[in-house]
Each structure stands twice: as structure tokens, then as C-alpha cells.
Amino acid sequence: MAIITLTSDFGHKDYFTSAIKGAILSEVPEAKIVDISHEISPFNIQEAAYILKNAYAHFPKGSIHMIGVDAEITKNKVHVALIVDGHYFIGADTGIFSLIFPEDKLEQIIVLNINQDKENISFPMKDVFVQAACHINRGGTLGVIGRQIDSLREVKNFQPTLSADGKMLIGQVIYIDHYGNVISNIKEKLFRESTLGKSFTIQLPRRYSIETIHRSYSMVSEGVMLCLFNSAGHLEISINKGDANISNGASELLGIKVKDRIGIEII
Amino acid sequence: MAIITLTSDFGHKDYFTSAIKGAILSEVPEAKIVDISHEISPFNIQEAAYILKNAYAHFPKGSIHMIGVDAEITKNKVHVALIVDGHYFIGADTGIFSLIFPEDKLEQIIVLNINQDKENISFPMKDVFVQAACHINRGGTLGVIGRQIDSLREVKNFQPTLSADGKMLIGQVIYIDHYGNVISNIKEKLFRESTLGKSFTIQLPRRYSIETIHRSYSMVSEGVMLCLFNSAGHLEISINKGDANISNGASELLGIKVKDRIGIEII
Amino acid sequence: MAIITLTSDFGHKDYFTSAIKGAILSEVPEAKIVDISHEISPFNIQEAAYILKNAYAHFPKGSIHMIGVDAEITKNKVHVALIVDGHYFIGADTGIFSLIFPEDKLEQIIVLNINQDKENISFPMKDVFVQAACHINRGGTLGVIGRQIDSLREVKNFQPTLSADGKMLIGQVIYIDHYGNVISNIKEKLFRESTLGKSFTIQLPRRYSIETIHRSYSMVSEGVMLCLFNSAGHLEISINKGDANISNGASELLGIKVKDRIGIEII
């Protein structure tokens, strides 16, 4: 019995999430449902992609991941299901899958043929995705619930870029976490390949800079700024314990926001 | 094994909800517990009613729904359990059941006789409702845990009213959802029966008005105001994608609040 | 199959909690996981202790409680597992266990030997505690995953103190709950032993005072201040229904904060 996970921008107050769980349990009483996040900022597929990308692989292969972010069907946006890395994903083709899987091979992609009357679906996660998830959960194949397509919409993000002379790696802030940690799109592998063991200065907005990457938060004193590679492998700017108060995290204290530039000067 | 759902104003920080889950699992180790919402505004039975009304029916018949909102027993407020539409409900007789079921037949109602010493219960959801839910979950009948009564407290809400000349339908805002959508007490059936296919103008507070009802959010451009019937069948005022930011939802941008008047002028 | 509970300061947005659940379910597919709280204020072991202390005992004996608050390993802070009162606890030795169990007997304590390379763990709850929990869940003993130690770090809190002449009991505010209720460290037993049935005045900050302890919130009118012993046995200052609005709870309306002094004058 596969696990079904839920990722959405529903928040925790409304009836949306529980209606979905009730609908799943009505069809598959023994289903195991796990919430990934319901606090995605409304319609924000960038956030949803970052969170789901770093959550899904911890689940067993065969898990079914439903995405309820910007899921309304339109004439340019269909409902799809796909298999990647042995996991099933169900959502709208907003471009989110190109953000979650910039390099992974999509094994099979279908456009769902369940309930696709766009005049009469105000709650696609429940009216469409639940049926698809229950079908897969019961061992059904994708071919039965849709027609195969070859590719999905691509959203282009700003990609980290190394200057021609190899002296400057430019990335961008992509996410601020619950602790106010600032997370960039510079991953450890790219950083190592770009810096090649040389000295470097990490240039932050407002002229802050850091010249060391630590292995853990507590290698600096409380309240001190540091850089490390977080558990998702991204270069992160943090303030150790930031006075144990989220309003004092790195984002707030340093005035850094999503899309701000992070430069690595290689010396 | 029936599902047990939880609806409360406990929030997500305190030990209340997990203590209840622990108590249920101590009595019924294989119990399946689903959260409906714990973010009801404190003591707000109107919100709890709207959310539970639109969540419960998605669960299988036989599910047991516990309500922990304004649940303290007083000399005027007893603890009850009832069966409606094949579902069990356990809560305090605050009037909430008249809001959830304005027209449904209540099949059986009892006043609970478990732990009704009002001097010694500071946590009724755990000390009383858990025992009732576990009793029902094990297949016990209501008769064993209480004495039958005929009716419950009624709370009267402002009901949508059609003027004598059939030219004006007046409703009220009853809920603001996570996206800032404004939800009225005008349901689709009443709207159709009142407008009879004629033209109409939906009059909102602050002289905003809308003359069309759309079938889905994305039928208007992003940032544009629209009306539709939401997945619960209520007339809803929304701003499509409101800049993907909850603070820019319809409620905030149009300055509309719960209890504000919504008028439908029929032309 | 033991229950595994999770307590953390992760919040509800990030991938942290779901990654942990996925990792547990990958190792133990039939595991039953219950969230205690993920809204502990960042790094706040006092809050975590109050919440977990009042939640854990409602779960069946044998349950496994993972604590992800200030869990990074340092040269002064190791990862431990222990048995108390028939329950298993896994966390960092921050002193939190001395706050949860000021008087309980710790039956067995080990320092974990799983993944203790502190240079390479950025997510100890997943990389270390999950493995320990799954080992215990499968029936493994603590001896296999660590070496026994005799005691844990102690954090000293301000303890309620009765003056030498028995006329003044001084306590402190330790927690503000979701309703804005103010919770002190004065428990009912100490209160009874100190007041010995005499009259008393409860002195609050800003010269507020209360001379009665009620048995339930609704024994006073709505909006009126009262004292009672809450479901955890602590002396609590509350405002009945505080206008059904969390911003109008006792903490806000009376201007009382954590660490404020609560005095009981015994007359």
C-alpha cells in the first residue's frame, strides 16, 4: 500500500485538506496519508518545488505525491501525472516539475483524463487528483487514466553562473526557511568545482560578506552570521540561534530577501 | 474501524491535540485519527460549523467527529453526541449543530453521562469526548453513554432574504478563507431560484459591484475581482491569484469582513 | 508496534518534518507517527519541556518520543536516548530532560553512537534520531545503539519558593498558551500545602490581583479575569473567552509575559 503525500497552499484552517483526506479514505480505507506542507505561499510554485524536491526522496519508492498549488485547469494548463525516480507525482502542469526535476529523467508522463470539464471543477485536488492517486494506490497504471505526452512545461529560473575568467560565481536567494535562514541556489558541488580549493569571499546584499564555510551552525557563537551547506546541499546564510527568535533570523537581521544576489568572489 | 476526526480552536503549538491523540491511541491502538482543523478562531462556533459542515461528508459513513470549541460544560451547556447522515458527532451543545445541520434530520441525540462533574473537568475534549469516541469506535451504542433527548440548542443566523418584489436578495459574509476569499451565505440553489435567469448586479460593500458569475478563478486575469460558487456551493468573492499573497486577497483588498452585507439586485 | 512522536521547532512550512516521516516510513512502513508540536519557539527548550511533559504520558507505555529542538551535536552536547516511566525519549542533552523530569527516575540513559561525526550532520533529527527510533521500534535495546551514562545535564529554573514565615509563595510565569492564558510554575499540590486553607491574594504584575481560584473558566462572566489550575495542574491566569480573540487573551490584556513574577500572599 503506497503512501500518499499532500503538498498545497491550503493553510491549516480551512476544510480543504481534511476533505481530501476524507475522500481518499472513503476510496482506500487503509491509505497512509502524510502532509508534506500546506503552508506554501499561495500559488508559489517555486516554494512548492524547493520543499517537495527535498522531501519526496525520503519516502519509499512507489509513493504518490499530490500537489495542490495553482492547480486550476485552464486552456493552457492541464492536469498531469508522472513517474520520476520511482515516485508518482500528480499536479497541474504549471512548470513546477521542471523546477523539481531540472535534470532527472521523467519516466512516464500523462495528461489526466479524469474530470477534465474545466467548467465544473472548483476543487481539482479533491475532484481530480484524489481519484488519480487512489487509482495508482490500488495498483492501476497511468495509461488507464490519461494519454501519454512527451514533455512538460519548463520554467526557467536564474541559474548560478561562473564568470568566464572563473573569478566570480553568481547565485540567487531562492527560499527563506522557518528559522529565517537564507537559502541560495548555489549547491555544494558547483561551489567546489568553481572555487577549486582557492580562497573566496561570499558577497551578500548590503555589503555583508563571509569568507568561511562552516560545517555546522554551532561552530560560531550564538548571534554570529555564518555560511554552510544545508541538509539539502544548498549554500545557506544563517545566524546561529538568532536569539532563539524567528524575527531575528538571518533574513530579517541582514535584510536579505528571495531573489537577492549572492556572489562568490574567487581569489 | 471508524475514523475519528478532530476539530478545535487549540492551535498547533500546545499539548492539547497530541494529548487527545495519545489518549485515543491508548484506548484504541489501531484508531485512525484525522485533523479537520485546529485553527478555528477561539470559541467561534460559526467558523467551526462552516468548516466541519464542508469537511465531514467526505469521510466514510460511521466516522466519529469530535468538536473541541467552547466545550466547557456549564449549567446551561451539556455535552452531547448525535447521529446525522450516518456520521457521529460529539461536542458541547453550544448551538453549533443547528449551524452545521440547519435542515438535516438528527437521527439520535443523547446527553453524555460520562464524567459530567463540572467541577473537575478542565479539558473536556480529552476527559469526556475521547471516552465517548472510543466507545462508539468499539461499536458501542449511544444509549449506553447517555440519555436520549429530542432537540438541541438553536442559534439563529441572519438568513439570505429575497425582497417581496423579488428584486433584491440580501445575504451576508460568513467566512474569509486562507486565500482571503470572501464567502457569503448565499448558496447556488437559492441564487438560481431568486434570479430566475435574469440579469443581476452583485453589490458589495464600499460600492464595488460585479455583474457576472464565473465558473472558475482563472476565467479572469490575475489581480481581477470575480464571483463564483465555491466548492462548498457558496457565492464567493475572490481576486484571482491576488498577487500570490494572502495579504492581497479579496477580503483585504476590498475591505470586506465577516457579517458585511452582500446584495443581489435582480434586474 | 510502538508509536513514534515528534516534537520540534521546525514550523509547518519546510520539508523537515515530512523528510523525517518519510525516513521513518522507509525503514518501518507500518510505523504510527504522531506530531506533538512543531511550533516550539526556535531553540526554546523550556517551551518544549512544558509541552512534551504534558503530552507524553497520554501515550501508551513504550512510545518513542523524538525531540528536535537545539539538536545539533557540539563538543559539549551529545545525543542521548533514555527510558523514563516506560517511555523512550531521544534528543540532544541540552538540559531539557531535567526540565521534563525534575523528579522522575531515569531508568536507563545512553549516549548514542549512531552517526556521531559532528562534521557531517546538518539534520540530526533525520540522520541520527530516526535511526535510533526505528531501532527501538523494531524491539532493539538501547545498549546496542549507545553506551550507558549515569546522568544528564541539569538546567536550573527558578523554583516556586515559600517565605520562611509561610506568608508569601513566589512563582514565575513559564508559558503563554494559544488562548493567551498565563501559566505559572505553581502547581496545585504546592499551592495547597502552602496556603493550608487560609485566605490568599494572588498578586500579578501591574498590581492586578485575584483572591479566588475557580474550578472552570465559565464560572466567571465572559471577559472577566480568573485563576484556575489548568489541565496540567498549573496555576493559570485567564480571561474567560477574552472576546473570542487570541489577541485579547490574559497575557496581552494584562501585559504579563514569561518570567514575570506571580506572588501568593497568604493571610
Side-chain angles (χ1 to χ4, degrees), chain A residues 1-3 5-7 9 11-12 32 34-41 47-48 50-63 65 87 175-181 183 214-219 222 228-234 236 238 240-249, chain C residues 6 8-35 38-48 68-78 92 94 115-128 130 178 258:
Chain A
M1 181 58 54
I3 292 165
T5 80
L6 308 179
T7 302
D9 57 3
H12 285 95
K32 191 140 205 159
V34 179
D35 298 304
I36 288 190
S37 178
H38 297 292
E39 293 195 359
I40 307 296
S41 299
E47 274 187 16
Y50 177 75
I51 289 168
L52 187 50
K53 182 186 183 66
N54 291 304
Y56 89 87
H58 299 289
F59 288 86
K61 301 258 180 188
S63 294
H65 307 283
H87 291 254
Y175 188 75
I176 309 293
D177 78 8
H178 177 67
Y179 301 91
N181 294 323
I183 292 146
H214 285 89
R215 299 298 307 176
S216 67
Y217 299 99
S218 48
M219 284 180 164
E222 296 189 11
L228 47 59
F229 291 104
N230 72 6
S231 62
H234 289 257
E236 172 181 310
S238 179
N240 184 28
K241 292 202 176 173
D243 279 336
N245 186 326
I246 194 171
S247 63
N248 291 328
Chain C
L6 308 179
S8 80
D9 56 3
F10 295 159
H12 285 95
K13 179 168 182 171
D14 292 316
Y15 64 84
F16 308 136
T17 300
S18 59
I20 287 164
K21 291 181 181 174
I24 292 171
L25 293 168
S26 292
E27 283 215 41
V28 184
E30 68 281 25
K32 191 141 205 158
I33 306 169
V34 179
D35 298 304
H38 297 291
E39 293 194 359
I40 307 296
S41 299
F43 308 102
N44 192 324
I45 61 170
Q46 298 279 352
E47 275 188 15
V69 178
D70 194 13
E72 199 177 60
I73 198 169
T74 68
K75 66 177 190 295
N76 298 313
K77 192 173 66 186
V78 293
T94 54
N115 273 351
Q116 293 295 293
D117 172 9
K118 71 177 184 297
E119 298 286 305
N120 280 300
I121 307 169
S122 51
F123 193 1
M125 183 111 161
K126 183 178 73 61
D127 299 333
V128 182
V130 164
H178 177 67
V258 168

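Chain letters run A, B, ... following the sequence lines, proteins first and then strands; every chain starts at 1.
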Might you work through the side chain to side chain contact (heavy atoms under 4.5 Å, CB included) test for C:F16 and A:N54, ending with a clear yes or no?
-> CA-CA 9 Å; C:F16 308 136; A:N54 291 304; over 6 Å; no
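One N or O on the side chain of C:S26 and one on the backbone of A:H58 form a donor-acceptor pair closer than 3.5 Å. Remark: the backbone N or O of A:S218 is paired with a side-chain donor or acceptor of C:E72 at under 3.5 angstrom.
The distance from the OH atom of A:Y56 to the OG atom of C:S18 is 13.0 Å, given to the nearest 0.5 Å.
Counting all heavy atoms, side chain and backbone alike, C:P42 lies closest to A:Y179 at CB-CD2, 4.0 Å.
For A:I3, the part lying near chain C is the side chain, with the backbone staying farther off; criterion is any non-hydrogen pair under 4.5 Å. A:Y175 touches chain C through its side chain: at least one heavy atom from C-beta onward sits under 4.5 Å away, while N, CA, C and O do not. Contacts between A:K61 and chain C at a heavy-atom distance below 4.5 Å are absent for every atom of the residue. Of the two parts of A:A57, neither the backbone nor the side chain holds a non-hydrogen atom closer than 4.5 Å to a non-hydrogen atom of chain C.
Between the side chains of C:Y15 and A:S231, at least one donor N or O sits under 3.5 Å from an acceptor N or O.
Centroid-to-centroid, the aromatic rings of C:H12 and A:H12 come within less than 6.0 Å.
Listed by first then second residue, pairs satisfying salt bridge (Lys or Arg N to Asp or Glu O under 4.0 Å) with a partner in residues 9-24 of chain C read A:E47-C:K13, C:K21-C:D35, not counting sequence neighbours.
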